[in-house]
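Scroll down for the structure; my scribbles are underneath it.
Reminder, nothing fancy here: chain letters follow the sequence lines and each chain counts from 1. For clarity, every value in this text was computed on a predicted model and none was experimentally measured.
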There are 2 protein chains.
Amino acid sequence: MADIKTAPPPSFLREAELRQAIELLFYAYRDFTSDPDAILASYHFGRAHHRVIHFVGRNPGMTVSELLAILRITKQSLARVLGQLVRRGFIEQRHGQRDRRQRLLYLTAKGTELERALSQPQRGRVARAFRDAGPEAVAGYRKVLLGLIEPSEREKVLRSILRE
Amino acid sequence: MADIKTAPPPSFLREAELRQAIELLFYAYRDFTSDPDAILASYHFGRAHHRVIHFVGRNPGMTVSELLAILRITKQSLARVLGQLVRRGFIEQRHGQRDRRQRLLYLTAKGTELERALSQPQRGRVARAFRDAGPEAVAGYRKVLLGLIEPSEREKVLRSILRE
DNA sequence: GGAATAAGTCAACATGGCTGACATAAAGAC
DNA sequence: GTCTTTATGTCAGCCATGTTGACTTATTCC
């Protein structure tokens, strides 16, 4: 306990660095999410529809409750976009066989096709960024983003993401 | 041109990795942006107000046009939140001296105080993630996020971010 | 058989985007 | 010195997407 002075934070934890990191996240997310807007607009869909299509595509057979937990919205909000997607034939609902109260969600062929079209420019953007940054930078990106996720959610997210 | 076969992409560019990167961005942004919600709600403000306060705080004396370009919204949308912030004394507008048509934007003392309160949990979250991930991961995070930004915007963003 | 759960639905409202039309003041062009 | 352009503000209405609250239906669990 000889040295009671608080050491200054290492440079990568200084306030300016943190602020820069925050702004980078804003700009990257802003540009990343705008990629599919033109396609969505041509279907008269919005970003909310895209999120639903994305997660149902990634988790075929997921329940409505699971989707709600991921999106962090109310079932009334979800009902609007999900209903449109079902009525227009992009998503199909089947009864669970274990639990017939559940409605398991699946993309139809049409839904899968739209999902591919929507994600294509985003995958391209990420691929370019990854290629330019190199594999070590990519590892760092993943590590930091995972650390930004609410700790209590981290396990669940990891399991969901890593499932092939 | 002996080998005409296309080589498989290196593992960090495979489709599954790209998808994981996309989902990480979604989850991290979701949790990151929810931090200041409780504070905002206590002022009857929303995330739109936070964005304005953040960027005016970061760029004192910026013009309305510059703010519009960063936020990518219309002036009518901005007018709603900006008007409230000005009327309630969080942001101050001064005439430009070079160009008196411009309204230069500044946080008031009250605005600065709110900005600190709003950003505090976010800075904490980023600081923890950075500390846990280490400086090399942080460098990678920055590299990749910068690469995700629209190339034509990258210079401008960098200049804006790095300005102290 | 009754309580709890998964999902759906209706209504009303808030936030924060949008377009279009128009006003004002100042700057810049000639 | 007028004319055009630019920076900003404002009104009106619409749309997308979030919220709360109340209620229903079907099914499962105890």
Could you run through nucleotides 13-22 of chain D and give me one letter per nucleotide, 5' to 3': B if any protein heavy atom sits under 4.0 Å from the base, S if only the sugar-phosphate is that close, - if neither?
-> ----BBBBBB
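Under the 30°/60° scheme for interplanar angles, the aromatic rings of Y141(B) and F130(B) are found to stand perpendicular.
In this entry the distance linking CG of L68(A) with C1' of dA7(C) reads 9 Å, nearest Å. Whole-Å rounding puts the L67(A) CG to dA6(C) C1' distance at 14 Å. Rounded to whole Å, atom C1' of dG16(C) lies 13 Å from atom CG of L85(B). When rounded to the nearest whole Å, the span between CD of Q102(A) and C1' of dT25(D) equals 16 Å.
Note that CZ of F32(A) is 10.5 Å distant from CZ of F26(B), once rounded to the nearest 0.5 Å.
Applying the side-chain contact (heavy atoms from CB on, under 4.5 Å) criterion to A48(B), with sequence neighbours excluded, gives R51(B), V81(B). Legend: residues meeting side-chain hydrogen bond (donor to acceptor under 3.5 Å, both in side chains) with H49(B), ordered by chain and number and at least two apart, are Q84(B). With sequence neighbours excluded, no residue forms a side-chain hydrogen bond (donor to acceptor under 3.5 Å, both in side chains) with R159(A). Partners of R123(B) by salt bridge (charged side-chain N to carboxylate O under 4.0 Å, His left out), not counting sequence neighbours, listed by chain and number: E15(A). Taking the side-chain contact (heavy atoms from CB on, under 4.5 Å) definition, one finds that Q102(A) meets it with T63(A), D99(A), L104(A), sequence neighbours left out. Remark: S34(A) pairs with D37(A), R47(A) by the side-chain contact (heavy atoms from CB on, under 4.5 Å) rule, at least two apart or across chains. Taking the salt bridge (charged side-chain N to carboxylate O under 4.0 Å, His left out) definition, one finds that E136(A) meets it with nothing, sequence neighbours left out.
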Mind listing the N/O atom pairs, protein and nucleotides 26-28 of chain C, below 3.5 Å?
from, atom 1, to, atom 2, distance (Å)
dA27(C), OP1, R100(B), N, 3.3

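Of the residues in residues 23-42 of chain A, none has a non-hydrogen atom less than 4.0 angstrom from any atom of DNA chain D.
Within the structure, the side chain to side chain donor-acceptor pair (under 3.5 Å) test picks out the following pairs touching residues 87-98 of chain A (sequence neighbours left out): E92(A)-R94(A), H95(A)-R103(A).
Here E66(A) lies out of heavy-atom contact (under 4.0 Å) with every strand.
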Tell me which donor-acceptor pairs under 3.5 Å the side chains of residues 142-153 of chain B have, and how far apart each pair is, sequence neighbours excluded?
from, atom 1, to, atom 2, distance (Å)
R142(B), NH1, E17(A), OE1, 3.3
R142(B), NH1, Q20(A), OE1, 3.1
R142(B), NH2, Q20(A), OE1, 3.0
E150(B), OE1, R125(A), NH1, 3.3
E150(B), OE1, R125(A), NH2, 2.6

